[in-house]
Each structure stands twice: as C-alpha cells, then as structure tokens.
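The structure appears right after this line, and notes come after that.
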2 protein chains.
Amino acid sequence: MEKPHADLTREKILSSAFCEIHRKGFQAASLADILEATGLTKGALYYHFPTKQALGLAVVDEVVRTRLEERIFAPVRGAQRPLDRLVEVIEGIARESDAQGVALGCPLNNLMQEMSPLDEAFKERLSAILETWREVVRSALARAQARGEARDDFDCGAAALFIVAAFEGCIGVAKNMQSVEAFRSCMRQLANFVVTLKADRS
Amino acid sequence: MEKPHADLTREKILSSAFCEIHRKGFQAASLADILEATGLTKGALYYHFPTKQALGLAVVDEVVRTRLEERIFAPVRGAQRPLDRLVEVIEGIARESDAQGVALGCPLNNLMQEMSPLDEAFKERLSAILETWREVVRSALARAQARGEARDDFDCGAAALFIVAAFEGCIGVAKNMQSVEAFRSCMRQLANFVVTLKADRS
DNA sequence: CCCATTACATACCACTTGGTATGTTCTGTC
DNA sequence: GACAGAACATACCAAGTGGTATGTAATGGG
C-alpha cells in the first residue's frame, strides 16, 4: 500500500518552494519561509530532501519542466500545421499573461540566469529543459519545411535557438518594465518573425 | 584641491563590487568578498556608501550604464547609416565575446532579472538604462526609415523593443548553455532579422 | 606647530541562514 | 496490543550576513 499522505506533504513543499523560488530566486529563497507557507517544519523538509540544492533540483525537474511541457512543448509537438501552431502558442502566452505573471517572469529563465554560472547540477538540468524546448521548435520548423508550410532557405536549428532566446528575452524585458502591454507588443514582434519563415504561396 | 586618493578607493570598491555582482548577483554578493579583493575594510566601504543597496545602485549608474554607453549606445547614436551600424554592433559583440563573458552574461540583464521584482529603486535605474537602449535603437530605425535605408512598414518603437529583448535573450540562453558558438549563432539570427528591415532596393 | 576633518581600520553586534540531532506521533504488522 | 519503522516536530548550532561604534593615521589650513 502506498502512502499518499507522505507524497502529499512532499508535493506541498515542492509547490511552496516553487512559489518562493519564483519570487525571490533560489539563493534568496528561505527554507523557513517555504515551510511557513505550508505549516510544516524542517523535520518534514529534510526527511524528503537531503539538502536545499536537492529541493531546488526537484522543483526544476518536477514543477518547472512539467509546466513548460504542458503549456508549450506538448501543444507544439502534435500540431498538423507546426508553424501556425507555433504562432498560436506565442500569441496565446501573450494573451493569457497577467501583471503578476509578467512581473515574476519565466521560472526557467530566472533560474538559468541565477544558477547556471554557480551550480553545475542546476545548469545541466536547466540546460536539458532548454534543449528540449529548442528541439521541439526545431522539429516543428523541420516538419513545416517538409510540408511546404515554411521556406527552406533557413537553418532550423539556428532559427529554433533564436526563437527560444527571443521568447525568453521578451519575458525578461517585460519583467523589468513590469508592463503587460510591452510584453504583448514584444511577443507580437516575435510572432511576426515566425510568420516571415512561412513559404510564399504565389 | 580635489582628493584623488579618496576617489580612487571609491572606484576600487565600485570596480570590485561590479565584478562580484556580475559573478554572483547582487544579493549573493558578499561585502566581505568585495572588500577582500580590494584589500580595504568595512570602514572604507561605509564611508563612501551608506548601505549595500546604495553601493549596488552606484554600480548600476556608474559602471553598468557607462559600459553599455561606450560599447553600444554611442556607436549607434552617431551613425550615418544607422541600420548597417546596428548590424555591425551586433556582429561585433558576437565576434569579440569570449567564454568567460558568455558564461557571466550581461550585467544589465542579470540585475534586471534578479532585482526588478524585489527593489523598486533598482528597477527604476535598470529600467531607465533599458529605455535609453530602446530609444537609441528606435531613433536609429527612425533615421534609417527617413533616409530610405529601412522599409517604412513597421513600428520603430515595437521593433526596437524586440531587438533589445532578443539581444538580451541571446545572451541569456548562451549564458546557460555556456557556449560561445551558440551565442554567435543566435546573434547572427538577430542580425539577420535586422537586415530584413532594410528597404528593398529594386 | 596645532588642530579639525577626512579617510580609513578594527572590533563588535544582532540576525538569519542551511543543516543536524533528538524527540515524538502516527501507522501498519504480526 | 506490543513493536518497528515511517513521518514528522522541536531545539539547537556554527557560520556568514549587513551594519555600527569606536579607534587611528593621514592631510591640509591657520
């Protein structure tokens, strides 16, 4: 028989840690604050996670990755018209974002900027997620090219990397400006760029 | 008579603080480490700066801003052919960057991601620099349009914001991947985008 | 030469941090 | 219902943090 109660507290800690890390970053995230939000204590934390780093890595693997998988990767993967779907996803993210979401930024980008130069384990996990993202976009572009939906005079890998980079860049500057409007404008430009990759149907 | 010695130690602290903040971020930057690198002590620090935040803001205003001003803003401002110069600057940054520079990322972007949601004063100073950057690019695009160097079917403000965002995005992902090659590839894509803004000379 | 101000150095403080060691309760098993 | 391990809670600790109070050497003016 499994023990649902233990797993539940583990997920409560994970969820609270994600929030705290999203707000303050990993280093500035206080274990005391994370626990206070759950009503638990350090005994619970260190029973489920051996160290703060392990907690952070678990947040990356089980929360950050999952969120991106559901919201971005999955929708693009199974698209019949990959290029159009790519544009839809970009515009969808822009449309659904609110002031708070813009102010906090992308959890993946936040952690990359903070932890990549400091911690090798973080860098590898985050880099893996980024690479899947890039691969999802690259594959979409390649399929679009194969279907004649996209032009075939550009390198899919390089274009995919740029699209992901610009995506995170838009979130980044909008986070600083704390302007939903700026975010949407910026994402619209990115969508326009993707549209320029479409094949001219003459 | 001015006192060059005092100003010199002030700049030594500022320079060391910039390095430390560039490496570890503002919050994780230790005043003890900053001082150790200079051979000075806390007495010197708190004589010149009332608080750690003031030191950080001074770093932003006097180091980060100056660097960007010299390396990016100034070259673009006085260009006869703004669009070409913009591409040159982008390619120049890509060409001259080394492994260490890529791994550390853009100081402005690092601080924006870390401090914007946490500290209003930081957010305002950083936002001002970002706005200057955007305005420099916007003005360049507008002049390019006026001279017929660029097409005139796009919004200069929106395009400028996107260019700056993509610029920071490229640095951001390259920082995580810790790959100079990926950075150059990404920046080349950005340069290509800027080229698409050129007027078709038929 | 005296003296006040500048420009630091030294010593110290309250506080928070991640981490640990120990105690306690709950749960399932025989 | 005794017993064992899981699943926590409580109390505590060394280390590091930003900040301060005080001491001191250099400097320049009268």
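In what follows, chains are A, B, ... by sequence order, proteins preceding strands, each numbered from 1.
Note on B:Ser30: a side-chain N or O is less than 4.0 Å away from OP1 or OP2 of D:dT17. The phosphate of D:dC8 has OP1 or OP2 within less than 4.0 Å of a side-chain N or O from A:His48. For D:dC8, one of the phosphate oxygens OP1 or OP2 lies less than 4.0 angstrom from a side-chain nitrogen or oxygen of A:Thr9.
Rounded to whole Å, the distance from CD1 on B:Ile13 to P on C:dA7 is 12 Å. For A:Leu45 and D:dA9, the CG to C1' distance is 13 Å, given to the nearest whole Å. Distance, B:Asp33 CG to D:dT17 P: 6 Å, rounded to whole Å. The distance between atom CD of B:Glu36 and atom P of D:dG16, rounded to the nearest whole Å, is 12 Å. B:Tyr47 has its OH atom 5 Å from the C1' atom of C:dT6, to the nearest Å. Between B:Glu11 atom CD and C:dA7 atom C1' there is a gap of 16 Å when expressed in whole angstrom units. Between the CG atom of B:Leu31 and the C1' atom of C:dA9 there is a distance of 16 Å, given to the nearest Å. In this structure, A:Lys42 places its NZ atom 7 Å from P of C:dG18, rounding to the nearest Å.
Between A:Phe73 and A:Trp133, the ring planes are tilted. Angles from 30° to 60° get that label.
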* Would you sort out whether B:Lys175 and B:Asn109 count as a side chain to side chain donor-acceptor pair (under 3.5 Å), showing the intermediate values? => CA-CA 11 Å; B:Lys175 172 182 172 184; B:Asn109 193 38; over 6 Å; no
* **Audit row: A:Gln113, B:Glu114, side chain to side chain donor-acceptor pair (under 3.5 Å) steps and yes/no** => CA-CA 8 Å; A:Gln113 302 310 316; B:Glu114 180 188 4; over 6 Å; no
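Heavy-atom distances to DNA chain C give each of B:Thr41 and A:Gln27 a nearest nucleotide, and the one nearer the 5′ end belongs to B:Thr41.
No contact: A:Ala28 has no heavy atom under 4.0 Å from any strand.
Checked against the 6.0 Å centroid threshold, B:Phe122 and B:Phe26 count as a close aromatic pair. Checked against the 6.0 Å centroid threshold, A:Phe162 and A:Phe193 count as a close aromatic pair.
Side-chain N/O atoms of B:Lys52 and base N/O atoms of D:dG19 include no donor-acceptor pair closer than 3.5 Å.
Listed nucleotides: C:dC8, D:dA9, C:dT17. Nearest to the side chain of B:Leu40: C:dC8.
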